[in-house]
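Remarks on the structure that follows.
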Protein chains: 2
Amino acid sequence: MTGRRKSPLEIDVTEAHMCSVNLRLHILSQVPFFAGLSQADLDRVNSLFNEQGYAPHETIYFSGDAVKHMFVVADGRVRLMRHSPSGKDVLLDILTPGEFFGSFSAQGDEVYHETAQAHTQTCVLGISVNDFRAILEKNPQVVLRVLDITSARLQAANVRVHQLSALPVEGRIAYLLLVLCAKFGKPGNDGVLIQTPLARDDVAAMTGTTSETASRVMSQFQKDGLIRTGRQWVAVIDLFALEEIAKAEIS
Amino acid sequence: MTGRRKSPLEIDVTEAHMCSVNLRLHILSQVPFFAGLSQADLDRVNSLFNEQGYAPHETIYFSGDAVKHMFVVADGRVRLMRHSPSGKDVLLDILTPGEFFGSFSAQGDEVYHETAQAHTQTCVLGISVNDFRAILEKNPQVVLRVLDITSARLQAANVRVHQLSALPVEGRIAYLLLVLCAKFGKPGNDGVLIQTPLARDDVAAMTGTTSETASRVMSQFQKDGLIRTGRQWVAVIDLFALEEIAKAEIS
DNA sequence: CTCATTCCATGATCTACATCAGTTAAGTGC
DNA sequence: GCACTTAACTGATGTAGATCATGGAATGAG
C-alpha cells in the first residue's frame with residue numbers, strides 16, 4: 001500500500017467567508033423549488049436573502065433554538081445532527097449546495113429540532129421565516145416543490161428507520177456508501193470518489209454504530225476490494241457488491 | 001392478578017363495509033388539510049372520493065404497487081409497514097380517522113414505498129392522484145397544510161432514527177407508549193388506555209426489536225406499576241416514569 | 001524539520017439483545 | 001361447557017457489536 005494517495009478530495013478552500021454575488025444568484029436559480037420563478041421574481045427573492053460564511057465545525061443554529069430563518073446552502077457542506085444526553089450524536093444528513101434546511105413548515109415550528117453545523121468552509125443564504133412564508137403563499141408551485149422535497153426526505157428517513165430495525169451494521173454502511181456515492185460521487189481513476197470529508201465517526205453517526213465498528217467494517221470492505229479509503233475519504237470501487245450487501249438478509 | 005380485566009378496548013365492530021354518507025362528509029371536513037375549504041368546494045372534493053371497506057389484515061396496497069390513489073382513513077385503523085426479505089417487517093405507523101396515506105407528492109412517485117393494511121375493520125376514502133393533484137393546484141392553502149403534516153411526519157421519523165441509533169430497547173418502548181398514548185389514549189379508571197389493538201409483535205415492529213424482548217420489557221413495566229397490559233392492549237399508568245426512561249441515557 | 005493533534009486500526013473483553021424452545025393463558029368456535 | 005388457536009411469558013444459550021485499551025499513521029503548527 002505504499003502508493004496509497006493521500007487526501008484525494010478536491011475541496012475548494014476559498015478564503016472567502018462570503019460567496020460572490022454571481023455565485024449567489026446562480027445558487028438561488030439552481031435551488032430546485034425556485035427553478036420555476038421568473039427572473040423578476042428571482043431577483044425579488046434574492047433580495048430577501050442574506051448570506052453568511054462559516055468555518056468548519058462552526059454552528060449555524062442549535063437544536064432547541066427559536067426558529068427564525070430558513071437556509072439554503074450556497075457553498076460547502078452542512079451537517080444536520082441531533083444530540084443525545086449521552087453524547088452519542090446522530091448525523092441526519094450532509095447537505096450540498098442548493099439544498100435547504102431550517103424550518104419551512106407553514107404553521108411554523110417553534111424551535112429547531114436539529115443542529116446545523118458547517119462541515120467544511122461554508123456559505124449559507126438565510127431568509128426569515130416570515131419572508132419565506134410570504135413567498136410560499138404567493139407562489140403555489142414553489143410550495144408543491146417544497147412538498148416534493150420534503151416527501152422525498154420523509155421517504156429517505158423511513159428507509160433509514162427500516163434499516164436500523166432490520167439490517168446489520170455491515171448492510172447499513174454499505175447502503176450509506178451507495179447513497180453518498182449518488183449524492184457526492186465523482187468518478188475518478190479508481191472508483192467513485194465521495195467528494196466530502198467523511199471520517200469514521202461520521203459514518204458511525206449516520207448508521208447508528210461506533211467509530212470502531214465502522215472502522216472494522218470499512219477495513220474489511222477495503223480488503224475485499226469494494227472500496228478504497230483513507231483519512232476522511234472514501235472511494236467506492238464495486239457498487240454492485242455493496243448493493244448486494246445492503247440488501248442481504250440472513251434468511 | 002385475578003382481577004385483570006380482559007380486552008378493555010372499545011373497538012366499534014360495525015358490520016358495515018361502507019361508512020355512511022354522513023360519516024363520510026364529516027370525515028372529509030375533519031381532515032386537517034381540507035378544513036379551510038368552503039362547503040361548495042368540500043362537496044366537490046367529496047364527489048371525487050370513493051369509499052372502500054376492509055376487513056382486519058386485508059391489504060389496501062402493497063409496497064411496490066404502482067401509485068394510483070391517495071387515501072384518507074374514514075373509520076378504523078390502518079397500518080403502514082415496510083417488508084424485509086428476511087420477513088422482519090417494520091411498522092412505520094398506525095393511522096386513525098382523518099389521517100391520509102398513499103402518495104401525495106406533486107411530482108408523483110412511481111410506486112408505493114410502503115404497504116398499507118387494515119389493522120381493524122376499516123373504511124377508507126380514496127382519490128386518484130390526478131384528481132388530488134388538481135385539488136392541490138387549485139387550493140394553495142391545502143398544499144401548505146399537506147406540507148405541514150409531511151414536515152411533522154419527517155420530524156417524527158427523525159426522532160425515530162435518533163432513538164434507534166442512541167437508545168436501548170427499554171427507552172424506545174417507553175417512548176412508543178407515550179406517543180401511542182398521545183394519539184390513541186383514552187383516560188379510564190386505571191391509567192390511559194391505548195385505544196387500538198396492540199400486540200407485542202406490533203410494539204416490536206415499531207421499535208426495532210423482537211416480540212420476546214418487547215414482552216420482557218413490558219412485563220417489567222407492569223411489575224414496576226408503570227403500565228397495565230394484556231392480550232393486545234396496554235394502558236399507561238405512570239406517564240412521568242416512562243418519560244424518564246425514554247430520556248435516560250447510560251451516563 | 002519536529003512535535004502535537006487527530007484520525008484510524010485492531011486486539012481483548014463484555015453485554016444487550018436475538019434466537020431457540022417450551023409453558024401458560026386469553027380468546028373463539030362448536 | 002370443552003377443544004382449538006393465537007398471543008404472551010419466560011428460561012437457556014448464542015452472538016453482533018459496544019466498550020476498553022493501545023499503537024501507528026496522516027496532518028497541521030511552529
Side-chain angles (χ1 to χ4, degrees), chain A residues 1-9 11 13 55-57 84 86-88 119-121 163-174 197-205 207-223 227-234 245 248-251, chain B residues 1-9 11 13 56-57 84 86-88 119 163-173 197-205 207-223 227-234 245 248-251:
Chain A
M1 277 302 147
T2 60
R4 180 196 282 179
R5 61 178 171 177
K6 322 279 172 72
S7 232
L9 298 186
I11 304 290
V13 185
H57 300 121
S84 300
S86 65
K88 182 159 188 168
H119 186 50
T120 64
Q121 183 73 258
Q163 294 203 344
L164 285 165
S165 302
L167 275 192
V169 172
E170 201 187 24
R172 305 202 300 264
I173 292 182
L198 191 70
R200 300 293 177 272
D201 288 17
D202 297 326
V203 172
T207 54
T209 183
T210 60
S211 57
E212 292 96 327
T213 296
S215 183
R216 277 184 248 269
V217 169
M218 288 172 70
S219 292
Q220 190 57 49
F221 283 174
Q222 178 153 248
K223 275 181 199 140
I227 64 175
R228 281 174 62 73
T229 182
R231 193 187 173 91
Q232 305 249 48
W233 65 269
V234 186
I245 292 170
E249 306 270 324
I250 310 100
S251 95
Chain B
M1 279 301 148
T2 58
R4 179 195 284 180
R5 61 177 171 179
K6 321 281 173 73
S7 231
L9 298 184
I11 305 289
V13 186
H57 301 121
S84 301
S86 65
K88 181 157 188 168
H119 186 51
Q163 295 204 343
L164 285 165
S165 302
L167 275 193
V169 172
E170 202 187 23
R172 305 201 302 265
I173 292 182
L198 191 71
R200 299 295 177 271
D201 287 17
D202 297 326
V203 172
T207 54
T209 185
T210 59
S211 57
E212 292 95 327
T213 296
S215 183
R216 277 184 249 269
V217 169
M218 290 173 69
S219 291
Q220 190 57 50
F221 283 173
Q222 177 153 250
K223 273 181 200 140
I227 64 174
R228 282 175 61 76
T229 181
R231 195 187 174 93
Q232 306 247 48
W233 63 271
V234 186
I245 293 170
E249 307 268 322
I250 310 100
S251 99

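In the text below, chain A, chain B and the rest are named by the order of the sequence lines, each starting its count at 1.
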Exercise. Counting only side-chain N and O atoms of T209(B), is one of them less than 4.0 Å from OP1 or OP2 of dA18(C)?
Worked result: yes
Problem set entry | Contacts of A205(A) that satisfy side-chain contact (heavy atoms from CB on, under 4.5 Å) - sequence neighbours left out | L91(A)
Seminar exercise, completed: d(I227(B) CD1, Q220(B) CD) to nearest 0.5 Å is 10.5 Å
Seminar exercise, completed: To the nearest angstrom, the CD1-P distance between I227(A) and dC8(C) comes to 12 Å
Exercise. side-chain contact (heavy atoms from CB on, under 4.5 Å) with T210(B): which residues, sequence neighbours excluded?
Worked result: E212(B), T213(B)
Seminar exercise, completed: Closest non-hydrogen contact found for R200(A) with G230(A) is NH2-O, 3.6 Å
For this session: Specify the closest pair of heavy atoms between L164(A) and S165(B), including all atoms of both residues, with the distance to one decimal.
Result: CD1-OG, 3.7 Å
For this session: Check the distance between dG28(D)'s P and H57(A)'s NE2 and give it to me in whole angstrom.
Result: 13 Å
Exercise. Just by modelled atom types, is the S86(A) backbone N or O under 3.5 Å from a matching donor or acceptor in the S84(A) side chain?
Worked result: no
For this session: Please answer whether the main-chain N or O of I245(A) pairs with a side-chain N or O of E170(A) as donor and acceptor at a distance below 3.5 Å.
Result: no
Exercise. Starting at CG of L164(B) and ending at C1' of dA16(C), how long is that distance when rounded to a whole Å?
Worked result: 15 Å
Could you list the protein-to-nucleotides 4-6 of chain D atom pairs, N/O on both sides, closer than 3.5 Å?
residue: dT6(D); atom: O2; partner: R231(B); partner atom: NH1; Å: 3.2
residue: dT6(D); atom: O2; partner: R231(B); partner atom: NH2; Å: 2.8

Exercise. Considering residues at least two apart in sequence or located in another chain, which fulfil the side-chain contact (heavy atoms from CB on, under 4.5 Å) criterion with S219(B)?
Worked result: S215(B)
Exercise. Between dA18(C) atom C1' and I173(B) atom CD1, what is the distance in whole Å?
Worked result: 14 Å
Problem set entry | R200(B) side-chain N/O to dA8(D) phosphate OP1/OP2 under 4.0 Å | yes
Exercise. To the nearest Å, how far apart are Q222(B) CD and dA8(D) P?
Worked result: 12 Å
Exercise. Quick one: E212(B) CD to dA18(C) C1', roughly how many Å, whole number?
Worked result: 8 Å
Exercise. What is the distance, rounded to the nearest whole Å, between atom CD of Q232(A) and atom C1' of dA9(C)?
Worked result: 15 Å
Problem set entry | Residues touching DNA chain D, which here means a heavy atom under 4.0 Å, drawn from residues 213-220 of chain A | T213(A), R216(A)
Problem set entry | Atom-to-atom span, CD of Q163(A) to P of dA16(D) - whole angstrom | 19 Å
Problem set entry | For R172(B), all residues meeting side chain to side chain donor-acceptor pair (under 3.5 Å), sequence neighbours excluded | none
Seminar exercise, completed: Rounding to 0.5 Å, atoms CZ (R231(B)) and CG (L198(B)) come to a distance of 14.0 Å
Seminar exercise, completed: Per-helix bend value, the helix from dC8(C)-dG23(D) to dC30(C)-dG1(D), C1' rotation axes over five pairs per end, 10° rounding, shows 40°
Exercise. Where do P197(A) and D202(A) come nearest, in terms of heavy atoms and distance?
Worked result: O-OD2, 4.1 Å
